[in-house]
Amino acid sequence: MLNRFLLTIDRFSMAVGHAFAWCILILTLGTCYEVFVRYVLNDPTSWAFDMSYILYGALFIMSGAYALSRNAHVRGDVFYRLMPPRVQATIELVLYFLFFYPGVTALIIAGFGYAKDSFGYQEVSVNSPVGVPIWQLKALIPLAGTMLFIQGIAQVIRCILCIRDGRWPRQLHDVEELEDVLMAEHAGQAQATVGEGSK
């Protein structure tokens, strides 16, 4: 039951992360179009720069919970990866309450203020004469913080379960690190070589 709850949170973070991943395609097409009209037709757009930072910003902040659910955030794990799971979970649990939750709570509160003010006067970009609206990007800040907060609850529960059971609970895996794939492939080749040598 508890594991189903954790996986539901993971699936929600994954769905949002996958949805915002489409920003990459739109950003790529928009940038290619801008390069073409700027250097081939000598007629640059006035919205390309605004489009690029709005889409990249949306992708970046709305993928935070997804990255957290996959343990994809940058960490200095030179020593951490050598520790037993219970020690890892204890360290993570303490760090979630010392740094993660205060930072994410501040992001939600401050982000709500920024979003409210920006929406109130329908903020537009000052970087182009077109006046591209940017209030919608600022509206994503408290939303992204809320998603991180919810995913953080799942991660804290995982830490508690790991401290209790001595192993990390199961997580969703929709992507694999290239390093892990190569190591598994190498291990498979090594086993095949040993199997052939023993015949």
Side-chain angles (χ1 to χ4, degrees), residues 1-24 56-116 136-188 190-191:
M1 180 69 176
L2 187 57
N3 201 43
R4 189 182 305 162
F5 170 72
L6 297 177
L7 293 178
T8 299
I9 294 175
D10 286 351
R11 284 189 190 95
F12 176 65
S13 296
M14 178 180 73
V16 173
H18 284 185
F20 276 85
W22 286 99
C23 290
I24 296 171
Y56 184 72
L59 169 67
F60 184 80
I61 64 174
M62 293 305 292
S63 299
Y66 175 56
L68 182 60
S69 74
R70 299 304 185 271
N71 290 320
H73 286 285
V74 176
R75 69 166 78 195
D77 62 354
V78 176
F79 301 110
Y80 174 88
R81 68 170 51 181
L82 303 174
M83 297 173 182
R86 278 194 172 102
V87 176
Q88 291 177 345
T90 303
I91 291 171
E92 284 203 21
L93 186 62
V94 169
L95 293 178
Y96 270 110
F97 286 103
L98 280 180
F99 298 107
F100 177 83
Y101 276 115
V104 169
T105 303
L107 177 68
I108 294 169
I109 294 169
F112 180 77
Y114 285 130
K116 182 181 174 191
Q136 69 277 26
L137 178 61
K138 291 194 176 177
L140 293 177
I141 297 171
L143 182 61
T146 303
M147 289 191 57
L148 274 170
F149 195 96
I150 293 168
Q151 186 62 50
I153 292 171
Q155 301 306 103
V156 163
I157 293 171
R158 284 191 171 98
C159 290
I160 293 168
L161 292 176
C162 182
I163 292 169
R164 184 191 72 186
D165 301 335
R167 59 185 167 74
W168 286 103
R170 188 169 68 88
Q171 288 184 262
L172 287 180
H173 291 285
D174 60 332
V175 292
E176 294 290 332
E177 290 288 335
L178 180 59
E179 176 187 11
D180 295 336
V181 172
L182 293 175
M183 288 177 66
E185 188 178 289
H186 180 69
Q191 281 184 335

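It should be emphasised that the depicted structure is a prediction, and the values quoted were computed from it without experimental measurement.
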Please report the shortest heavy-atom distance between [X] and [Y], naming the atom on each side.
{"X": "L140", "Y": "M62", "value": "O-SD, 4.0 Å"}
{"X": "Y66", "Y": "M14", "value": "CD1-CA, 3.5 Å"}
{"X": "D165", "Y": "R86", "value": "C-NH2, 3.6 Å"}
{"X": "A115", "Y": "K138", "value": "CB-O, 3.4 Å"}
{"X": "C23", "Y": "L59", "value": "CB-CB, 4.1 Å"}
{"X": "P142", "Y": "I108", "value": "CB-O, 3.9 Å"}

How long is the span from the [atom1] atom in [X] to the [atom2] atom in [Y], to the nearest 0.5 Å?
{"X": "T146", "Y": "I141", "atom1": "OG1", "atom2": "CD1", "result": "12.0 Å"}
{"X": "S63", "Y": "M147", "atom1": "OG", "atom2": "CE", "result": "9.0 Å"}
{"X": "S69", "Y": "L7", "atom1": "OG", "atom2": "CG", "result": "10.5 Å"}
{"X": "T8", "Y": "I150", "atom1": "OG1", "atom2": "CD1", "result": "12.5 Å"}
{"X": "C162", "Y": "R167", "atom1": "SG", "atom2": "CZ", "result": "9.0 Å"}
{"X": "I91", "Y": "L98", "atom1": "CD1", "atom2": "CG", "result": "12.0 Å"}

Is the number of heavy atoms from other residues, nucleotides or ligands under 6.0 Å of [X] [atom1] greater than 12?
{"X": "Y114", "atom1": "OH", "value": "no"}
{"X": "Y96", "atom1": "OH", "value": "yes"}
{"X": "Y80", "atom1": "OH", "value": "yes"}
{"X": "W168", "atom1": "CH2", "value": "yes"}
{"X": "F12", "atom1": "CZ", "value": "no"}

Inset, instruction - Quick one: do Q155 and L6 satisfy side chain to side chain contact (heavy atoms under 4.5 Å, CB included)? Show the steps, please. - result: CA-CA 8 Å; Q155 301 306 103; L6 297 177; over 6 Å; no

Legend entry - Polar side chain donor-acceptor pair, E92 to Q88, under 3.5 angstrom: no

Legend entry - F149 side chain near T105 side chain, heavy-atom distance below 4.5 Å: yes

Legend entry - pair V156-F100: side-chain heavy atoms closer than 4.5 Å: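 No, too far: nothing below the 4.5 Å cut-off.
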
Inset, instruction - List the steps, then state whether side chain to side chain contact (heavy atoms under 4.5 Å, CB included) holds for Y101 with I153. - result: CA-CA 10 Å; Y101 276 115; I153 292 171; 3.4 Å; yes

Inset, instruction - Please step through side chain to side chain contact (heavy atoms under 4.5 Å, CB included) for the pair R158 and D10, ending with a clear verdict. - result: CA-CA 12 Å; R158 284 191 171 98; D10 286 351; 2.4 Å; yes

